[in-house]
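Worksheet: one structure, shown below.
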Amino acid sequence: MLHFPIYLDYNATTPCDPQVVEAMLPYFTTQFGNAASRQHALGWQAEEAVDYARKQVAALIGADVTEIVFTSGATESNNLALKGLAEMYAAKGNHIITCVTEHKAVLDACKHLEKQGVLVTYLPVDREGFISLEQLEAAITPQTILIAIMYANNETGVIQPVEEIGRIAKQHGVIFFSDATQAVGKIPVNVLADGIDLMSFSAHKLYGPKGVGALYIRRKNPRVRITAQIDGGGHERGARSGTLNVPGIVGLGKAAELCRLHLQAEGGRLSQLRDQLEQGLLLLEGVQVNGGADNRLPHVSNLAFPNVDGNALMLGFNKNIAVATGSACTSASMEPSFVLKALGLPDDLARSSLRFSLGRFTTVAEIEYTIQRVSETVRSLRALDPFSAS
Amino acid sequence: MKLLSILNDDQETRYFYDEFANHNGWVFRSKYFGNLRPMSHNTRIYFDNAATTALDPIVLEAMMPYLTEKFGNPSSIYSYGRETRLAIETARKSVAKILNAHPAEIFFTSGGTESSNTAINAAVHDLGCRHIITSPIEHHATLHTVENLYHRGEAALSYVKLLPNGHVDLEDLEQLLAAHEEKTLVTLMHANNEIGNILDIHAVGNICKKYGAIFHSDTVQTVGHFPFDLRNTPVHFITGAGHKFHGPKGVGIMYINENVKIKPHIHGGSQERNMRAGTENLYGIVGFAKALELATTNYEHDSAYIKGLKLYMMEQLQKTIKGAAFNGDILGKSLYTVLSVSFPKTEKSEMILFNLDINNICASGGSACTSGADQGSHVIRAINNNPNQITVRFSFSKHNTKEEIDQVIAKLKEII
């Protein structure tokens, strides 16, 4: 039996896995101590729980426990990585290379740094959404301190050539930061194999709670140092002060562990469902996949429906299917997606695009219903439009 | 505690627990957990409520829908997002009403530390303050932030003098303001987390007004413990943390008076009206508002009850422990939740916190945020630099009882 609305916007946020909520509950109730209370058992229990979560998170990305800093979410992690690094390495240089399709958390932090005198190069992307490695290498100057390229795009799911970027960064002695919010827990991410020095992600994109995230900070080859952006009691080895969100951190830990255990199977199941959805909708005339189809997250499909207004399309079925025209963080804006425009889509096609993102609780029946419902809506909208080609 | 059932047949998420920790002697019917009963065999005594407090079961109940079925990103425009956006704005209105502020003046953050960092940095970067006045007994979230600004050459820094009882010397504050031409930020905490002294926030605000200074007050120990009337309080910024008044960790507020305009500390999204980017801590925000509602509803009763506990403990200590002394303006302008006690230093008393812990009694040597460090409390050093004393902070909540105090006193007699 279907439950409406069908949720196909897992890139915006995910429901907590019931096992995650279960893991968090004791830290809401009986074990409520402050993890910084070193003088009694309640504090130690909280600290132990945080340490255990740190292990679970580190294991998911191939890091050491001492390399994980807990934050309030990926946006804070992105801010901490960019501003904290620019501040710490100001004596070495003042140039950052990023790309035009980054999440706003990265772009806005870069804009803020530009006002403070940091130079930022925004690499373009090709029609498939990839940066050019040649352009990346050519952009590096002796002043370059950081390459900030996201692991996988939130709108198209396109996965950047992270390993190659890591290699180039290393060759030039530049630090490599990746916003991996959409990738961690969905595809194998290993900071060592990928050559990543700083990496941000959040719990609520991988079936954990909102309000908690992490920043990976490499400690060896090279040892990366950042300046804290929130000062106080010196929590998280001085990198991020503030009473630790113990239940949230426990939830992130459990969510990371579940992802690590089920990543392969879940990725396989979701890519099959995604392909089924895509094949079904591609039968409609003119529909095209936005972004490189071969190097994408397994659960994401961004589709352009020519000759249909994306908002009208959504209005046609939004009581029954929850999808997005782009990033949730910019969904109130009427502008066409800047990510799709960067891929070279004209405004009207960008406005006619929808992002479908599947997840752990998506079923075959939901996909079958979605194909049918979206197809009907597209056909009926096109029938109403006298200028429509079909 | 045991989870009895997670998912029922029609995919609705429900949780049922057979038991639940709560010291109050009542039964609470939870949709998620069944009947919540007080734990009868809890032998631990928690006297460290200034560090953090136990979450109220009613707050957890209010949060549960937002940890389970109502999970939408509040920025999403379909129904999942609209219902969670509504929850956040309802929470904001409730918080604003209780504090007598405009909803537009309330911003949700990850906690008190982030709020204080944002306010202090903004005062310098966006409001043109080139001089900061603070006190030596502020929380480290304030002290380390102003020290950083000072070391970077962004602002001059003055420490206001303290009176012998630990209160801020308001005459000295006025002299410091009069002596400095530059625009000044005054950052003074409302209630001290270690000794409990309460600042006359109106008096300080009026002095700041006279000199055109920006006033930030760290109110983490008082929001949820005292009534606020922000529309009639001369302050530009205050801060709050949910976990200090039986709400959740990881969420706080910053009040920004409508007359000041600042830029965000965390960039990258239009959340909190462009003031604080990042997907909102939905369940936390709902929990914060619920905890503040409960604290406000029960303020008269709870504050009188907790004050009674503090006074009783003082009496008993004076009666039974020779040489026990109290720090701060303990019977005057002071938090009803905090009792800072100094014991004469002996081989036995040096082990006091260790021995209290062995006996299942949670207390603290000072702020939790610095309790790992061995250099002792900067607050105690500033007001009472007696090396022959050992200081312990006992801090109480509505869950504590006189019987617990009797037990602690009995143990103290043994271990001192």
Side-chain angles (χ1 to χ4, degrees), chain A residues 3 5 7 9 12-16 18 21-22 25-26 28-30 32-34 36-43 72-73 75-76 78-79 103-109 112 202 204 209-212 230-235 241-248 318-319 322 324 328-329 331-332, chain B residues 1 3 6-7 11 13 15 20-21 46 48 51-52 54-55 60 67-68 71-73 75-81 110-111 113-114 117 139-141 144-145 148 241 243 248-251 266-270 277-284 353 357 362-365 367-372:
Chain A
H3 281 76
Y7 189 73
D9 200 15
T13 191
T14 57
C16 268
V21 180
E22 190 182 358
L25 282 169
F28 280 130
T29 57
T30 48
F32 60 85
N34 186 323
S37 290
R38 300 276 160 77
Q39 285 145 343
H40 53 70
L42 266 179
S72 69
T75 294
E76 187 195 329
N78 286 336
N79 274 258
H103 189 271
K104 264 181 81 69
V106 169
L107 294 176
D108 285 4
H112 173 77
S202 77
H204 80 98
K210 294 174 181 62
V212 61
I230 296 180
D231 294 307
H235 307 78
S241 289
T243 296
L244 293 179
N245 177 359
V246 179
N318 73 352
K319 282 205 172 61
C329 297
S331 59
Chain B
M1 243 176 26
L3 190 68
I6 302 172
L7 285 169
Q11 267 201 337
T13 313
Y15 300 85
F20 197 97
Y46 187 72
D48 199 11
T52 194
L55 191 75
L60 180 58
L67 273 167
T68 54
F71 64 87
N73 187 321
S75 295
S76 296
I77 52 180
Y78 41 73
S79 57
Y80 284 103
S110 71
T113 296
E114 184 193 322
N117 272 256
H139 189 274
H140 279 151
H144 290 162
T145 306
N148 273 347
H243 74 101
K249 294 175 180 64
V251 62
I266 294 178
H267 297 86
S270 55
T279 299
E280 297 89 339
N281 179 353
L282 177 61
Y283 78 82
L353 284 165
D357 175 62
C362 302
S364 160
S367 162
C369 297
T370 46
S371 55

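Chain A is the first sequence line, chain B the second, and so forth, proteins listed ahead of strands; every chain is numbered from 1. In what follows, every heavy atom counts, from backbone to side chain, and hydrogens, waters and symmetry copies are set aside.
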For residues Thr279(B) and Ser202(A), determine if any side-chain heavy atom of one lies less than 4.5 Å from a side-chain heavy atom of the other. no
Applying side chain to side chain contact (heavy atoms under 4.5 Å, CB included) between Thr52(B) and each of Asn34(A), Leu42(A), Val246(A), report the one that passes. Asn34(A)
Highest number of heavy-atom pairs under 4.5 Å with chain B among Gly73(A), Ser72(A), Ser241(A), Pro5(A) belongs to Pro5(A)
Between Gly33(A), Pro15(A), Pro247(A), which has the largest tally of heavy atom pairs under 4.5 Å with chain B? Pro15(A)
Can you say whether Thr145(B) sits under 4.5 Å from chain A via the side chain, the backbone, both, or neither, judging by heavy atoms? both
Do you know which of Gly111(B), Gly284(B), Ala363(B) has the most heavy-atom pairs with chain A at a distance under 4.5 angstrom? Ala363(B)
Using the side-chain contact (heavy atoms from CB on, under 4.5 Å) rule, take His204(A) and Phe71(B) through it: C-alpha gap first, then chi angles, then the decisive distance, then the call. CA-CA 9 Å; His204(A) 80 98; Phe71(B) 64 87; over 6 Å; no
Check Asn79(A), Asn78(A), Leu107(A) against His267(B) for a side chain to side chain contact (heavy atoms under 4.5 Å, CB included) and give me the one that passes. Asn79(A)
Look only at the side chain of Glu76(A) and the backbone of Gly278(B), and say whether a donor-acceptor pair between them is shorter than 3.5 Å. no
Between Asp108(A), Ile230(A), Thr14(A), Asn318(A), which residue shows the highest count of heavy-atom pairs closer than 4.5 Å to chain B? Ile230(A)
Validation row: Asn117(B), Asp231(A) side chains within 4.5 angstrom (heavy atoms): yes
Only pairs of heavy atoms separated by less than 4.5 Å count here; which of Asp357(B), Leu282(B), Asn148(B) has the most with chain A? Asp357(B)
Please check if the side chain of Lys249(B) supplies one atom and the backbone of Gly248(A) the other of a donor-acceptor pair under 3.5 Å. no
Measuring from Arg38(A):CZ to Ser364(B):OG, what's the distance to the nearest 0.5 Å? 11.5 Å
Would you say His243(B) and Phe32(A) make side-chain contact, with heavy atoms under 4.5 Å? no
For residues Tyr283(B) and Val21(A), determine if any side-chain heavy atom of one lies less than 4.5 Å from a side-chain heavy atom of the other. no
Between chain A and each of Gly250(B), Ser110(B), Ala277(B), Ala54(B), count heavy-atom pairs under 4.5 Å; write down the option with the most. Ala54(B)
Measuring heavy-atom distances to chain A, does Tyr78(B) have an atom under 4.5 Å in its side chain, in its backbone, in both, or in neither? side chain
For each of Ser79(B), Pro248(B), Gly72(B), tally heavy-atom pairs with chain A at distances under 4.5 Å, and name the one with the top tally. Gly72(B)
What verdict does the side-chain contact (heavy atoms from CB on, under 4.5 Å) test give for Asn245(A) and Asn281(B), after you've listed the backbone C-alpha separation in whole Å, the side-chain angles of each residue and the deciding distance to 0.1 Å? CA-CA 11 Å; Asn245(A) 177 359; Asn281(B) 179 353; 4.3 Å; yes
